[in-house]
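Here is the structure we will look at, set down as structure tokens.
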Amino acid sequence: QVQLVESGGGLVQAGGSLRLSCAAPGRTFSTYAMGWFRQAPGKEREFVAAVSWSGGNLYYSDSVKGRFTISRDNAKNTVYLQMNSLKPEDTAVYYCAVHRVGATMTSSEGYAYWGQGTQVTVSS
């Protein structure tokens, strides 16, 4: 029913930066917290970052804290993930998701709708 579309993935050298975007064409998720997750080959999907509906509360996994920044522009119905100081271990498919009200914020079980993912590859 709700389709999220991620964009901005690509190939970048270690130490470089990339900005991912997440949007829902024809829909709005401005009243919901949003999250970013990633999944590398052979690994389970892991939490990366989340932002509250107003943008006032930010959550990050320890592995990306200080390097990644999640933000949102509710007027544009868009969520961003700014990734700086990228490392090869950041290589994964990155997914955007809509948080379920009252659910856990830092695991996939707390999210209801997901995008198709965008590939991020960091070369050494």
Side-chain angles (χ1 to χ4, degrees):
Q1 182 179 354
V2 177
Q3 184 175 0
L4 302 178
V5 180
E6 302 97 335
S7 62
L11 176 64
V12 64
Q13 290 185 317
S17 298
L18 210 58
R19 189 175 80 157
L20 307 183
S21 298
C22 172
R27 297 280 183 170
T28 180
F29 46 73
S30 60
T31 60
Y32 295 88
M34 300 290 295
W36 284 97
F37 293 77
R38 66 187 183 186
Q39 187 167 23
K43 295 185 177 181
E44 295 185 350
R45 187 170 299 183
E46 66 173 337
F47 170 77
V48 175
V51 57
S52 63
W53 72 270
S54 65
N57 293 299
L58 310 177
Y59 309 84
Y60 298 98
S61 68
D62 290 339
S63 63
V64 307
K65 188 174 296 183
R67 299 187 298 119
F68 291 9
T69 302
I70 187 172
S71 63
R72 68 191 304 163
D73 186 341
N74 286 341
K76 296 181 178 180
N77 201 36
T78 303
V79 180
Y80 306 96
L81 184 68
Q82 178 66 47
M83 304 183 293
N84 298 324
S85 301
L86 283 163
K87 306 174 181 179
E89 48 263 46
D90 294 319
T91 296
V93 176
Y94 284 70
Y95 299 89
C96 178
V98 181
H99 179 250
R100 296 191 293 108
V101 176
T104 180
M105 190 72 73
T106 57
S107 68
S108 60
E109 286 71 23
Y111 295 78
Y113 303 105
W114 299 80
Q116 84 289 348
T118 184
Q119 177 70 48
V120 172
T121 302
V122 184
S123 62
S124 60

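What you see is a predicted model, and the numbers here were worked out from it, not measured in a lab.
- We find the CG-OG distance between Leu86 and Ser123 to be 10.0 Å, quoted to the nearest 0.5 Å.
- Considering every non-hydrogen atom in both Phe29 and Ala23, the closest pair reads CE2-C, 4.1 Å.
- Listed by first then second residue, pairs satisfying ring-ring contact (aromatic ring centres under 6.0 Å, His included) with a partner in residues 32-55 read Phe37-Phe47, Phe37-Tyr111, Phe37-Trp114, not counting sequence neighbours.
- Between atom CE of residue Met105 and atom OG of residue Ser52 there is a gap of 7.0 Å, rounded to the nearest 0.5 Å.
- Residues meeting the side-chain hydrogen bond (donor to acceptor under 3.5 Å, both in side chains) test with Arg45, sequence neighbours left out: none.
- A side chain to side chain donor-acceptor pair (under 3.5 Å) check over residues 82-93, counting only residues at least two apart or in different chains, returns the pairs Ser17-Asn84, Arg38-Asp90, Arg67-Asp90, Gln82-Asn84.
- Counting only residues at least two apart or on different chains, no disulfide (SG to SG under 2.5 Å) pair has a member in residues 57-91.
- Among all heavy-atom pairs drawn from Thr78 and Ser21, the shortest one is CG2-CB, 4.3 Å.
- Under a hydrophobic-cluster definition in which Ile, Leu, Val, Met, Phe, Trp and Tyr are linked whenever side-chain heavy atoms come within less than 4.5 Å, directly or via other members, Tyr94 and Leu11 are assigned to different clusters.
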Stepwise side chain to side chain contact (heavy atoms under 4.5 Å, CB included) check, Glu6 with Leu20: CA-CA 7 Å; Glu6 302 97 335; Leu20 307 183; over 6 Å; no
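- Remark: Ala112 engages Arg100 in a side-chain contact (heavy atoms from CB on, under 4.5 Å) (not counting sequence neighbours).
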For the pair Gln39 and Tyr95, evaluate side chain to side chain contact (heavy atoms under 4.5 Å, CB included) and give the outcome as yes or no after the intermediate values. CA-CA 8 Å; Gln39 187 167 23; Tyr95 299 89; 4.2 Å; yes
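- When all heavy atoms are compared, the tightest approach of Val5 to Pro25 is CG2-CD, 4.0 Å.
- Sorted pairs that involve residues 72-84 and meet salt bridge (charged side-chain N to carboxylate O under 4.0 Å, His left out), not counting sequence neighbours, are lacking altogether.
- Note: Leu81 CG to Met34 CE = 11.5 Å, rounded to the nearest 0.5 Å.
- Looking at residues two or more places apart in sequence or on another chain, you find no side-chain hydrogen bond (donor to acceptor under 3.5 Å, both in side chains) involving Gln13.
- Among residues two or more places apart in sequence or in another chain, the side-chain hydrogen bond (donor to acceptor under 3.5 Å, both in side chains) test is passed with Ser108 by none.
- Taking OG of Ser107 as the reference point, atom CD of Glu44 lies at 11.5 Å (rounded to 0.5 Å).
- Taking each heavy atom of Ala14 and Pro88 in turn, the nearest pair found is CB-CD, 4.1 Å.
- Val120 and Val93 fall into different hydrophobic clusters, where Ile, Leu, Val, Met, Phe, Trp and Tyr are joined by side-chain heavy atoms under 4.5 Å apart, directly or via other members.
- Residue pairs meeting the disulfide (SG to SG under 2.5 Å) criterion with at least one member in residues 56-124, sequence neighbours excluded, are Cys22-Cys96.
- Interatomic distance, CE of Met83 versus OG1 of Thr69, reported as 11.0 Å (0.5 Å rounding).
- Contacts of Asn57 classified as side-chain hydrogen bond (donor to acceptor under 3.5 Å, both in side chains), with partners at least two apart in sequence or in another chain: none.
- Within the structure, no pair that satisfies the ring-ring contact (aromatic ring centres under 6.0 Å, His included) test touches residues 55-88, not counting sequence neighbours.
- Legend: residues meeting side-chain contact (heavy atoms from CB on, under 4.5 Å) with Thr28, ordered by chain and number and at least two apart, are Ser30, Asn77.
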